[in-house]
Amino acid sequence: MGGDQVKSSKPFRGMKDVLPGEVERRNTLMGIVRAVYRAHGYLEIETPIVESLDVLFGSGGGENEKLTYRLLKRGEKLEINESTTADDLCDGGLRFDLTVPLCRFYAENMHRLPKPFRSIQIGPSFRAERPQKGRYRQFTQADIDIIGDPTQLAEIELITASGHALHTLGLTDFSVRLNDRRALDQILAKAGIEEHLIKSAQIALDKLDKLPPQQVVEELHLRGVSSPIAEGIVGKLTQIPPHKAIDAMSDLGAEEAPLFSLQTILQHSSHSVKGMRVIVDPLCVRGLGYYTSTVFEVSHPASQSSIAGGGRYDNMLSRFGLDSPACGISLGFDRILAMMDEMRLERPKGAKRLYLIFDPEIELDVALVTSREYRKAGYLVSMVSHRRGSRSPMKRLATEAEELKRQGASEEFWFQTLGEDQEPRLLMH
RNA sequence: GUGAUCGUAGCUCAGUUGGUUAGAGCGUCAGAUUGUGGCUCUGAAGGUCGGGGGUUCGAAUCCCCUCGGUCACCCCA
């Protein structure tokens with residue numbers, strides 16, 4: 001080490017350290033989500049954070065390729081001199097979501113899995129984007145997926161379970177926007193938009209809930225849609241009354257199959273969770289290319305960006321030679337946490353943390369026995385060594401407890417000084 | 001990836017038109033005091049002013065580059 005310059009201790013760009021109090025809180029909330037999902041019959045799995053680029057870019061990669069962290073080949077396979085493109089140098093990458101790995105996992109292990117398979121996956125994904133509020137380069141997703149159910153029952157179950165999870169976290173007033181890509185495709189085709197522009201046009205139309213219509217018309221034009229068509233379609237789509245979306249979509253040229261599907265999902269999921277609103281929104285698009293029909297997005301007034309999203313991706317398993325329908329929804333865990341922080345939602349009381357203050361010179365044995373008893377009784381016990389007569393540790397303990405609470409911990413803090421107190425006394429809650 | 005903005009002690013920030021040894025509060029450490037624990041008093045430690053280069057007699061302060069944070073776009077959890 002001698003002579004080396006001191007290294008920066010900051011985390012890598014876009015990455016975050018997580019402090020003890022935050023971890024407490026994350027674990028608590030994650031536990032709630034996990035418990036709700038398990039109660040709905042889902043089974044938790046884990047997949048590696050690294051997948052081969054072949055798997056990750058299986059189809060239409062597009063935007064994903066840019067956002068993927070790649071792993072250099074190792075050893076002799078790494079031929080820097082003869083390689084010309086990044087992809088020649090790399091064979092693996094960090095997953096950018098949990099859906100692609102799930103499909104690979106299912107294809108590999110389906111013989112040992114129930115059918116249909118309801119999975120839970122909670123873990124980090126990585127995207128090489130420029131960091132921003134509510135956008136990190138590493139972020140935690142909590143996914144549930146159903147593989148092997150082609151009916152709308154899958155969507156209904158997913159919406160119900162994730163709504164239930166959000167509700168159990170203490171959230172209300174969130175809404176699920178629901179759409180079917182096939183319907184929007186049909187509407188746009190009917191409106192005269194050329195086949196190859198439909199995808200692009202949808203991305204522009206997705207912004208209608210944030211931008212003024214005129215701006216969206218301009219963007220459509222930039223993307224190659226002629227002005228009269230752009231104005232026409234924007235005009236019609238913005239006039240759709242929320243409660244008659246399905247009828248309106250039918251009038252605009254959407255066919256029966258997707259509309260019936262939407263109707264079924266809407267009907268059975270809209271009253272399934274208290275505090276959750278489900279609406280059909282013909283403008284809900286979602287960027288990921290792999291969705292085939294149903295898409296949904298969950299938003300909350302306290303968060304600018306969506307807090308969950310998902311949809312049906314019936315073709316993805318075909319990458320692995322399977323012909324299975326699949327559908328899933330992903331909670332943006334970090335976003336939900338950040339939002340709940342800002343809302344200053346009341347937190348459920350956590351465990352009791354006890355500082356057991358003792359004099360190491362005369363009471364070590366008593367302290368060890370006592371702390372074991374308190375642990376058995378359910379306390380989280382920290383032994384605090386403090387020589388009798390020296391400065392009281394109370395201030396330090398109080399300050400540290402406050403810091404933990406600031407970070408997000410929700411436990412009660414207790415203390416007991418051996419030789420003085422007969423029982424734990426409340427420090428703060 | 002494009003654009004904007006910011007970056008001073010562990011934390012929150014001051015720092016006047018560039019001018020002598022860069023400040024405060026909180027926290028930390030030491031000592032004193034306090035008979036109901038986190039009070040009070042005194043003192044101390046702690047800063048390559050994100051990093052590098054330039055302009056200048058002289059830069060935290062002006063210019064360039066770079067790294068990092070924040071925000072918008074893109075896209076998305």
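Here is how names work: the chains are called A, B, and so on, in the same order as the sequence lines, proteins then strands, and each is numbered from 1.
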Under 4.0 Å protein heavy-atom contact, by nucleotide of nucleotides 26-31 of chain B - B base, S sugar-phosphate only: -S---B

In RNA chain B, consecutive runs of at least three Watson-Crick or G-U pairs below 3.5 Å, as range with range, amount to B:1-7 with B:67-73, B:10-13 with B:23-26, B:28-32 with B:40-44, B:50-54 with B:62-66

Can you find a heavy atom in the side chain of I233(A) that is under 4.5 Å from one in the side chain of L220(A)? yes

Which of residues 27-34 of chain A sit near RNA chain B, with a heavy atom under 4.0 Å from it? none

Give one of base, sugar-phosphate or nothing for S305(A), where a contact means two heavy atoms less than 4.0 Å apart. nothing

Mind checking salt bridge (charged side-chain N to carboxylate O under 4.0 Å, His left out) for R387(A) and listing every partner two or more places apart, or none if nothing turns up? E361(A)

Residues touching RNA chain B, which here means a heavy atom under 4.0 Å, drawn from residues 196-207 of chain A: I203(A), K207(A)

Under 3.5 Å, sequence neighbours excluded: what are the donor-acceptor pairs made by side chains of residues 421-429 of chain A?
unit_1	atom_1	unit_2	atom_2	d
D421(A)	OD1	R425(A)	NH1	3.4
D421(A)	OD2	T417(A)	N	2.9

Do E412(A) and R353(A) pass the salt bridge (charged side-chain N to carboxylate O under 4.0 Å, His left out) test, and can you show the C-alpha distance, the side-chain angles, and the key distance before you say yes or no? CA-CA 6 Å; E412(A) 289 181 349; R353(A) 184 175 293 282; over 6 Å; no

Identify whether any heavy atom of E403(A) sits under 4.0 Å from a base atom; if not, whether one sits that close to sugar-phosphate; answer base, sugar-phosphate or nothing. nothing

Go through M249(A) and D180(A) one step at a time and tell me if the side chain to side chain contact (heavy atoms under 4.5 Å, CB included) criterion holds. CA-CA 11 Å; M249(A) 290 165 79; D180(A) 193 306; 5.9 Å; no

For the residue pair F415(A) and Y355(A), is the inter-centroid distance of their aromatic rings smaller than 6.0 Å? no

Sugar-phosphate only, base, or nothing, as touched by I307(A) at under 4.0 Å among non-hydrogen atoms: sugar-phosphate

Considering residues at least two apart in sequence or located in another chain, which fulfil the side-chain hydrogen bond (donor to acceptor under 3.5 Å, both in side chains) criterion with S371(A)? R375(A)

Please collect all salt bridge (Lys or Arg N to Asp or Glu O under 4.0 Å) contacts where either partner lies in residues 25-45 of chain A, sequence neighbours excluded, each pair once. R25(A)-D341(A), R26(A)-D334(A), R34(A)-E44(A)

Using a 4.0 Å heavy-atom cut-off, does R13(A) contact any base of the nucleic acid, only the sugar-phosphate backbone, or nothing at all? sugar-phosphate

Regarding A77(B), can its base be found pairing with the side chain of E297(A) as donor and acceptor, where the two atoms are less than 3.5 Å apart? no

Residues passing the side chain to side chain contact (heavy atoms under 4.5 Å, CB included) test with D149(A), sequence neighbours excluded, are P116(A), I146(A), T151(A), L153(A), A154(A)

Check every strand shown and say whether Q132(A) touches a base, only sugar-phosphate, or nothing at a heavy-atom separation below 4.0 Å. base

Sugar-phosphate only, base, or nothing, as touched by D421(A) at under 4.0 Å among non-hydrogen atoms: base

Regarding F333(A), tell me which of base, sugar-phosphate or nothing describes its non-hydrogen contacts under 4.0 Å with the strands shown. nothing

Is the ring centre of F139(A) under 5.5 Å from the base ring centre of A77(B), and are the two planes under 30° apart, so that they stack? yes

Identify whether any heavy atom of A142(A) sits under 4.0 Å from a base atom; if not, whether one sits that close to sugar-phosphate; answer base, sugar-phosphate or nothing. nothing

In chain order, what residues pass the side-chain hydrogen bond (donor to acceptor under 3.5 Å, both in side chains) check against H300(A), with sequence neighbours excluded? none

E108(A)/R104(A) salt bridge by N-O under 4.0 Å criterion: no

Of all residues at least two apart in sequence or in a different chain, which pass the side-chain hydrogen bond (donor to acceptor under 3.5 Å, both in side chains) check with E194(A)? none

Residue pairs meeting side chain to side chain donor-acceptor pair (under 3.5 Å), one or both in residues 390-400 of chain A, sequence neighbours left out, come to H386(A)-S390(A)

